[in-house]
Amino acid sequence: MLEKPTHFIRSKIADQIKQGQLSAPVTRFPPEPNGYLHIGHAKSICLNFGLAEEFSGRCHLRFDDTNPAKESQEYIDAIEADVRWLGFQWDALHHASDYFETLYQWAVYLIEQGDAYVDEQSADAIRATRGTLTEPGVDSPYRDRPVAESLACFSRMRAGELPEGAAVLRAKISMASPNLNLRDPVLYRIKHVSHPRAGEAWCIYPTYDFAHGQSDAIEGITHSLCTLEFEDHRPLYEWFLKKLPVPSKPKQTEFSRLELEGTVTSKRKLNALVTEGYVRGWDDPRMPTIAGLRRRGYSPEGIRLFCERIGVTRKPNTIEYQILEGAVRDDLEGRARKGMAVLDPIRVLVENWQEAPLALDIPWHPKHPEYGSRTAYFGRELWIDRSDFEEDPPEGFFRLSPGGSVRLKYGFIVDHVDTLRVDGKIDTLVVRYDPDTRSGQDHSGRKVKGTIHWVEAETAKPVDIRWYGPLFTVPDPARAEALATVINPDSLVMRTAWVEPGLAHIDPEAYWQFERVGFFKQDPDSTADAVVYNLTVGLKDQWAKKQN
RNA sequence: UGGGGUGUGGCCAAGUGGUUAAGGCAGCGGGUUUUGAUCCCGCCAUCCGUAGGUUCGAAUCCUACCACCCCAGCCA
């Protein structure tokens, strides 16, 4: 077993424990329920829950539900399901909205201390006076209004007496700060919107900045991990912890977010893919959402392996998609049941087989006898894949060709006799099987170069295959001006395959490998009459690579 | 342009003054193999954004420069 690779956050915690500054870390995964979780969130989930697990600490799931205009119960439910599916169990479930009353009292406290004021300027006016990157902002005319006046106005805000946009609560820090986040940031705004959890209780809602650090403090979070874009918010995060009578002092640490080649990981863009109909939903197997990856057939263990492999740093990075696929293949290799399916069939007639189909008992996995076995059949009429026969075989081709021989895996060696055509197109391959070469009891001493997969035609069942390719045609779709221009029109190809009987029944949980093809997972659209398989990821194929 | 960050092989990533500059993925070569899969073995940076400097000795310290990312929501 390989030791887990270390990274700066892991070493920091280990060090703090060794120094006696920390007994166990308390972390949190703080999603906003305004969309589905994606692979980038998986990195954060693995980090937060993983660290807590590793150092015998605790990890909370906390919904950052401070903007009811964008949030919904649908997302809350989906997020909980995704975290659980990834294999993590939170030690506590919280919502920023649980702290609305405390946060309100703290806002009042800030006003009383002269550290916040109600600003009745319009949003436009506030924006216009914020200054620019190089020029300082201008103080609001309300900045120095009496405390009592702010207090009175703030309570009118809470009471619902003011329309949206009429006033906001602002921290009184400095309009000249080079850090824009410190130029009297907005702490509360009016939103006459009902909240998925708090209902109609509030019509003013705290901003991220005013809610996040304090929520961390209330929960006793020791390590508040977030992505790099929040780095400029850290001074503000710390300002509140210093000004307010909070019960603990969490520390924010930033790491770089995950960028995955060939995908977009912004909720806005993912949402656009859904609403504009480029995919069937948040859980479409082409989506980099947790729900999409799950439906596609990626295992939680594979995703966790991926997150471990990519590491955690502060360096901007774009991970090659094949690293994700590699991790998933590595996990699925030992997990999947292996069966035979023919996706692009060509008929094979075994002219010297006269008997009824022969039942073969084949283990589901050569290295895992505990997975059991199934029955497949060999007979007079078979299907093999069109790509396994070449009339004019290139150098190094060792599948079936005119006059050649090949082993039908788990069956017999067959020798090509004839090629029959219909309208010029190859229709049937006539072969003879060698009775001395039955798999497992081969006394012939014959050696053939190739082994191919096949299914017996009489017992085979049809299934639907959803063959997926990249959703985009470019490696960096996030930079495209419009997603529409980089959508891959062939990201989903529907087809039918012949499978051995053991692959034709519904089994929503199982992971499958179609030998020599790829890993597959049954889609929830499957019915008893029509099983649907999603391509998870293809097998590595050196031969195909050599051909290009 | 003000502030905050980051620069180690194709992609990740260890490394924090003395190492032949870990490891993973990809790639290449070979072995095993009834999946051209898996598995196994070997190869793959005289060099750490660039240029100077300090030092017996630097990817690690100093200086300058360059490149890229983030910030001007009453989003998170």
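Lettering of chains follows the sequences in order, A, B, ..., and the numbering in each one begins at 1. What's counted below: heavy atoms across the whole structure, side chains too, no hydrogens, waters or symmetry copies.
In this structure, the nucleotide among B/rA76, B/rC25, B/rU35 sitting nearest to the side chain of A/Arg516 is B/rU35. Which of B/rG24, B/rG5, B/rC74 sits closest to the side chain of A/Arg309 comes down to B/rG24. In the set B/rA76, B/rA37, B/rG36, the nucleotide with an atom closest to the side chain of A/Lys338 is B/rA37. Minimum atom distance to the side chain of A/Arg407 is reached by B/rU34, of the listed B/rC70, B/rU34, B/rU35. Here the nucleotide nearest the side chain of A/Gln513, chosen from B/rU35, B/rA76, B/rC12, is B/rU35.
Residue contacts shown for A/Lys267 are absent, as no nucleic acid heavy atom lies under 4.0 Å away. Counting any heavy atom pair closer than 4.0 Å across all strands shown, A/Glu325 reaches no nucleic acid atom. Among the protein residues, A/His233 comes within range of the nucleic acid bases, having at least one heavy atom under 4.0 Å from a base atom. Using a 4.0 Å heavy-atom cutoff across all strands shown, A/Thr318 reaches sugar-phosphate atoms only and no base atom. Counting non-hydrogen atoms under 4.0 angstrom, A/Arg479 reaches the backbone sugars and phosphates but no base. Contact annotation for A/Ile310: backbone-only contact, meaning every heavy-atom pair under 4.0 Å involves sugar-phosphate atoms and none involves a base.
A distance of 6.0 Å or more separates the ring centres of A/Tyr511 and A/Phe519.
A donor-acceptor contact under 3.5 Å is formed by the side chain of A/Glu320 with the base of B/rG10. A/Ser439 contributes a side-chain N or O that forms a donor-acceptor pair with the base of B/rU34 under 3.5 Å. A donor-acceptor contact under 3.5 Å links the side chain of A/Asp232 to the base of B/rG3.
At least one cation-pi condition fails for A/Arg62 and A/Phe29: the charged atom is not both under 6.0 angstrom from the six-membered ring centre and inside a 45 degree cone around its axis.
Residue A/His223 holds its NE2 atom at 7.0 Å from OG1 of A/Thr253, rounded to the nearest 0.5 Å. Between the CD1 atom of A/Ile310 and the CG atom of A/Asn317 there is a distance of 7.0 Å, given to the nearest 0.5 Å.
Stacking annotation: A/Trp543 is stacked on the base of B/rG36 (ring centroids less than 5.5 angstrom apart, interplanar angle below 30 degrees).
At a threshold of 4.5 Å between non-hydrogen side-chain atoms, the residues A/Arg28 and A/His212 count as touching.
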Could you summarise the pairing of RNA chain B as dot-bracket text, marking Watson-Crick and G-U pairs under 3.5 Å with ( ) or [ ] inside the strand and | across strands? .(((((((.[[[..)..(....]]].(((((.......))))).....[[[[[..)....]]]]])))))).....
